[in-house]
Amino acid sequence: MKQFRILVTGGAGFLGSHLCERLVNEGHEVVCLDNYFTGRKRNIAHLLGRSNFELLRHDITIPLFLEMDQIYNLACPASPVHYQYNPVKTIKTSVMGAINVLGLAKRVHARILQASTSEVYGDPSEHPQTEAYWGNVNPIGQRSCYDEGKRVAETLFSDYHRQNKVAIRIVRIFNTYGPRMHPHDGRVVSNFIIQALSGEPITLYGDGSQTRSFCYVDDLIEGIVRMMNTEDFIGPVNLGNPHEFTIRELAEKVCSMTGSTGAIVYKPLPQDDPRQRQPDIRLAKARLGWRPRVELDEGLRKTIAYFRENRD
Ligand code: NAD
Ligand code: UDP
C-alpha cells in the first residue's frame, strides 16, 4: 500500500482517534491536530510512542502550513451540548476551519475530505434521506451554528473544487457511536449507557418516538477511508447504518443489556430535534462497495464494555 503524509484535524476526538489509529497501523505518516475542546489526549495516548505519529496542539480557526498528501477535516464539536456551549466558536470552527484547511490543500495539492453530517438535512421532510435532498434546516435556531456551519463548509469545499480544482471528498455522517465517545457530551448512546451503569434513570427527551439510525465506529471509519481513496467521486455520500430505531427502543435495549432497572425520567424535547433520521446508503454501496457490518446489539456490547472501564 502507498504511504501518505496525512493530517487528521480533530484527531484526538472520538472518530478522529479511531481514524488516526487505523492510518498509523497502515504505516502512514500521521499528524493529529487538535485543540482539545472535546477531544482528549487519552484517546490517542496509545499512539504516542509510534514513530509515524505526531501530535499538534492547534486551533483550526488559525491558518497553518504543513506538507501533506491527504487531509481529513474532522475538527468540530459534534454533540449538541458541546456545539451549543459556544455557538459562535462552533460556526467559526466549521467555516474558518474549512477555509484554512482548503487553503492548505490548495497550496500543497493535498486531497481533502470533509466530515459533514446528516444535520445538513435538518428535520427532514423526505425519508430516508438521499444525497439529492436539500434539507429542512432552521437558520436561526439552537442547532443552526452546527447545521449551517456544516452546510457552509460543504459550499466552501464545492467552490474550492470548482474554482481551484482542489481534490475534495464530502461524507455526510449519520449518528455514530462506540468506544471513546466523550462520556459527558450528552449524546444519546453515551448518556443512556452511563446512566444505566450508574443505576440512574434514563433521560428520555420527548416521548422517545423520534428515530435515529446508529452506526458503529469501525464501520464508519472504513467508509471514510474508502471515500478518501476512491477516484473520480467527490460525493457528497451518506455514511451510516440504515437500521432505524426509536429512542425509546434504544433505551430499552441499553437497559436490558446492562441489567439496569429500566427507570425512565422524561425531559422536554430540545428545540428543532429531528423527528426521524435514516440514511439511504445506495450511493455508498454502489460507489464505495461499502455497507455497515456491525448491528446495534454487537456495537452496544462493545461500547458498554468500554464505558464499564471509562466512565469519567
Ligand atoms: P468529537 O467532539 O469527539 O471530536 C471533534 C474533535 O475536534 C475534538 O477532538 C475537538 O477537540 C476537536 N476540535 C473542536 N474544535 C476544534 C478547533 N477549533 N480546532 C482544532 N480542533 C478542534 O466528535 P466526533 O464525534 O469525533 O466528530 C468528528 C467529526 O465528525 C465532527 O466534524 C463531526 O461534526 C462529524 N460528525 C460526527 C458524527 C457522530 O455521530 N459522531 C455525526 C456526524 C458528523
Ligand atoms: N436524547 C434523549 N436523551 C438523552 C440524549 C438524547 O432522549 O439523554 C435524544 C435526543 O433528543 C435526540 C436523540 O436522542 O432525539 C439523539 O440525540 P443526540 O444528541 O445523540 O444526537 P442528534 O440529536 O444530534 O442526532
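Atoms within each ligand, like the ligands themselves, are counted from 1 in listed order. For this chain, numbers begin at 1 and follow the sequence in order. Please read all numbers here as calculations on a predicted model, not as lab measurements.
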**Q** Does any N/O atom on L74 come nearer than 3.5 Å to any N/O atom on ligand 1?
**A**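 So ligand 1 has an N or O lying under 3.5 Å from an N or O of L74.
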
**Q** Supply the atom-to-atom distance H109 NE2 to E67 CD, rounded to the nearest 0.5 angstrom.
**A**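 One finds 9.5 Å between NE2 of H109 and CD of E67.
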
**Q** Quick one: look up the protein heavy atom nearest atom 2 (O) of ligand 1 and list residue, atom name and how far away it is.
**A** T38 OG1, 2.6 Å

**Q** Between the side chains of E154 and K150, is the shortest nitrogen-to-carboxylate-oxygen separation below 4.0 Å, so that they form an ion pair?
**A** no

**Q** If you measure every N/O of D59 against every N/O of ligand 1, is any gap under 3.5 Å?
**A**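 N/O-N/O distance under 3.5 Å: yes.
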
**Q** Hey, is S79 one of the residues with a heavy atom under 4.0 angstrom from ligand 2?
**A**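 Under 4.0 Å: no for S79.
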
**Q** Could you tell me, atom by atom, which parts of ligand 1 come under 4.0 Å of a heavy atom of A12?
**A**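 Answer for ligand 1: 9 (O).
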
**Q** In the protein, what heavy atom is nearest to atom 27 (O) of ligand 1, and what distance, to one decimal place, separates them?
**A** A78 CB, 3.7 Å

**Q** How far is atom 5 (C) of ligand 1 from its nearest protein heavy atom, and which residue and atom is that?
**A** C76 O, 3.2 Å

**Q** T61 side chain to T93 main-chain N or O, any donor-acceptor pair under 3.5 Å?
**A** no

**Q** Below 4.0 Å from ligand 1: does a non-hydrogen atom of G97 turn up there or not?
**A**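 Flag not set, G97 not near ligand 1.
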
**Q** Just so I know, are the side chains of L113 and N73 near enough to count as touching, which here means a heavy-atom distance under 4.5 Å?
**A**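 The answer is no; the side chains never approach within 4.5 Å.
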
**Q** Is any N or O atom of D34, backbone or side chain, closer than 3.5 Å to an N or O atom of ligand 1?
**A** yes

**Q** Please say whether the positively charged group of R180, taken as NZ for Lys or CZ for Arg, lies over the ring of F14, i.e. under 6.0 angstrom from the six-membered ring centre and within 45 degrees of the axis.
**A** no

**Q** Would you check if the side chain of D219 reaches a backbone N or O of C215 as a donor-acceptor pair within less than 3.5 Å?
**A** no

**Q** Would you tell me which option among N35, I224, N86 has the nearest heavy-atom contact to atom 16 (C) of ligand 1?
**A** N35

**Q** Less than 4.0 Å between a side-chain N and a carboxylate O, is that true for E148 and R151?
**A** yes

**Q** Is T93 in polar range of ligand 1, meaning some N or O pair under 3.5 Å apart?
**A**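 In this structure, T93 places an N or O atom under 3.5 Å from an N or O of ligand 1.
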
**Q** Please list the nearest protein heavy atom to atom 18 (P) of ligand 2 with its residue and the distance rounded to 0.1 Å.
**A** V188 N, 3.9 Å

**Q** Near K150, which atoms of ligand 1 are under 4.0 Å from a heavy atom of that residue?
**A** 31 (C), 32 (O), 33 (C), 34 (O)

**Q** Tell me which protein heavy atom sits closest to atom 21 (O) of ligand 2, plus the residue, atom name and distance to 0.1 Å.
**A** N175 ND2, 3.5 Å

**Q** Which protein non-hydrogen atom lies closest to atom 3 (N) of ligand 2, naming both residue and atom, and how far is it?
**A**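 The closest heavy atom on the protein side is T203 O, 2.7 Å.
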
**Q** Counting non-hydrogen protein atoms only, what is the nearest one to atom 13 (C) of ligand 2? Give residue, atom name and distance.
**A**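 Looking at atom 13 (C) of ligand 2, the protein heavy atom closest to it is I247 CD1, 3.7 Å.
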
**Q** Quick one: look at P270 and ligand 2, take heavy-atom pairs under 4.0 Å, and tell me if it's side chain, backbone, both or neither.
**A** side chain

**Q** Just checking, is any N or O donor in the side chain of T230 or R169 under 3.5 Å from an acceptor N or O on the other one?
**A**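 The answer is no; no qualifying pair exists.
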
**Q** Using distance alone, decide if ligand 2 has a nitrogen or oxygen within less than 3.5 Å of any nitrogen or oxygen in R143.
**A** yes

**Q** Name the closest protein heavy atom to atom 39 (C) of ligand 1, giving the residue it belongs to and the distance to 0.1 Å.
**A**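 Minimum-distance protein heavy atom for atom 39 (C) of ligand 1 reads R187 NH1, 3.4 Å.
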
**Q** Tell me which protein heavy atom sits closest to atom 7 (O) of ligand 2, plus the residue, atom name and distance to 0.1 Å.
**A**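 Its nearest protein heavy-atom neighbour is Y205 N, 2.9 Å.
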
**Q** Relative to ligand 2, is D273 under 4.0 angstrom through side chain, backbone, both or neither, heavy atoms considered?
**A** side chain

**Q** Under a 3.5 Å distance rule, please check whether N164 uses its side chain to pair with a backbone N or O of V166 as donor and acceptor.
**A**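 No.
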
**Q** Does L15, backbone or side chain, put an N or O under 3.5 Å from an N or O of ligand 1?
**A** yes

**Q** Taking D34 first and then R57, would you say they form a salt bridge - that is, a charged N and a carboxylate O separated by under 4.0 Å?
**A**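 No.
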
**Q** Check if S116 has a non-hydrogen atom at a distance under 4.0 Å from any atom of ligand 1.
**A**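 Checking ligand 1 against S116, which is what was asked, there is a heavy-atom contact under 4.0 Å.
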
**Q** Measure across F192 and V254 and return the closest heavy-atom pair with its distance rounded to 0.1 Å.
**A**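 Answer, listing the atom of F192 first, then V254: O-CG1, 3.7 Å.
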
**Q** We want to know whether T90 and Y85 form a side-chain donor-acceptor pair, criterion being a heavy-atom distance below 3.5 angstrom.
**A**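 Note: T90 and Y85 side chains miss the donor-acceptor criterion.
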
**Q** Do any N/O atoms on F192 end up under 3.5 angstrom from N/O atoms on ligand 2?
**A** no

**Q** Under 3.5 Å, N or O to N or O, is T61 touching ligand 1 that way?
**A** no

**Q** Could an N or O of ligand 1 be found under 3.5 Å from any N or O of T176, whether backbone or side chain?
**A** yes

**Q** Quick check: does A75 get an N/O under 3.5 Å from an N/O on ligand 1?
**A**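 The answer is no, given that A75 and ligand 1 share no N or O pair closer than 3.5 Å.
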
**Q** Looking at ligand 1, would H58 count as a contact under a 4.0 Å heavy-atom criterion?
**A** yes

**Q** Could D273 and R212 be called an ion pair, given the rule that one side-chain N must be under 4.0 Å from one carboxylate O?
**A** yes

**Q** State whether the shortest distance between N or O atoms of T117 and N or O atoms of ligand 1 falls below 3.5 angstrom.
**A** no

**Q** Does Y146 reach ligand 1, in the sense of a heavy atom lying below 4.0 Å from it?
**A**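 It does; at least one heavy atom falls under 4.0 Å.
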
**Q** Under 4.0 Å between a side-chain nitrogen and a carboxylate oxygen: does that hold for R277 and E119?
**A** yes

**Q** Taking the basic N atoms (NZ, or NE/NH1/NH2) and the acidic carboxylate oxygens, is any pair closer than 4.0 Å for R22 and E222?
**A**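 Answer for the salt bridge query: yes.
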
**Q** Hey, is Q210 touching ligand 2 through its side chain, its backbone, both or neither, going by heavy atoms under 4.0 Å?
**A** side chain

**Q** Can you sort out which atoms of ligand 1 are near N175, meaning under 4.0 Å from one of its heavy atoms?
**A** 40 (O)

**Q** For I60, counting its heavy atoms only, list the atoms of ligand 1 lying under 4.0 Å from any of them.
**A**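 Atoms satisfying the 4.0 Å criterion: 17 (C), 18 (N), 19 (N), 20 (C).
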
**Q** Quick one: nearest non-hydrogen protein atom to atom 3 (O) of ligand 1, plus distance?
**A** F14 N, 2.9 Å

**Q** Any idea which heavy atoms bring N52 and V24 closest together, and the distance?
**A**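 Nearest pair, atom of N52 first, then V24: ND2-O, 3.1 Å.
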
**Q** With a 4.0 Å cut-off on heavy atoms, is M181 touching ligand 1?
**A**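 Contact check M181 vs ligand 1: negative.
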
**Q** Only one of F307, Y216, F245 forms a ring pair (Phe, Tyr, Trp, His ring centres under 6.0 Å) with Y177, so which one is it?
**A**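 Among F307, Y216, F245, the one that satisfies the ring pair (Phe, Tyr, Trp, His ring centres under 6.0 Å) with Y177 is Y216.
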
**Q** May I ask you to decide whether D69 forms a salt bridge with R5, counting only side-chain N to carboxylate O separations under 4.0 Å?
**A**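 R5 and D69: salt-bridged.
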
**Q** Any idea how H82 and H182 line up, ring-wise: parallel (<30°), tilted (30 to 60°), or perpendicular (>60°)?
**A** perpendicular

**Q** Hey, does K267 sit under 4.0 Å from ligand 2 if you only count heavy atoms?
**A**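 So K267 does not count as touching ligand 2.
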
**Q** Below 3.5 Å, N or O to N or O, backbone or side chain included: is there any such pair between I173 and ligand 1?
**A**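 By distance alone, the answer is no.
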
**Q** Considering distance alone, does some N or O of Q195 sit under 3.5 Å from an N or O of ligand 2?
**A**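 The answer is no, given that Q195 and ligand 2 share no N or O pair closer than 3.5 Å.
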
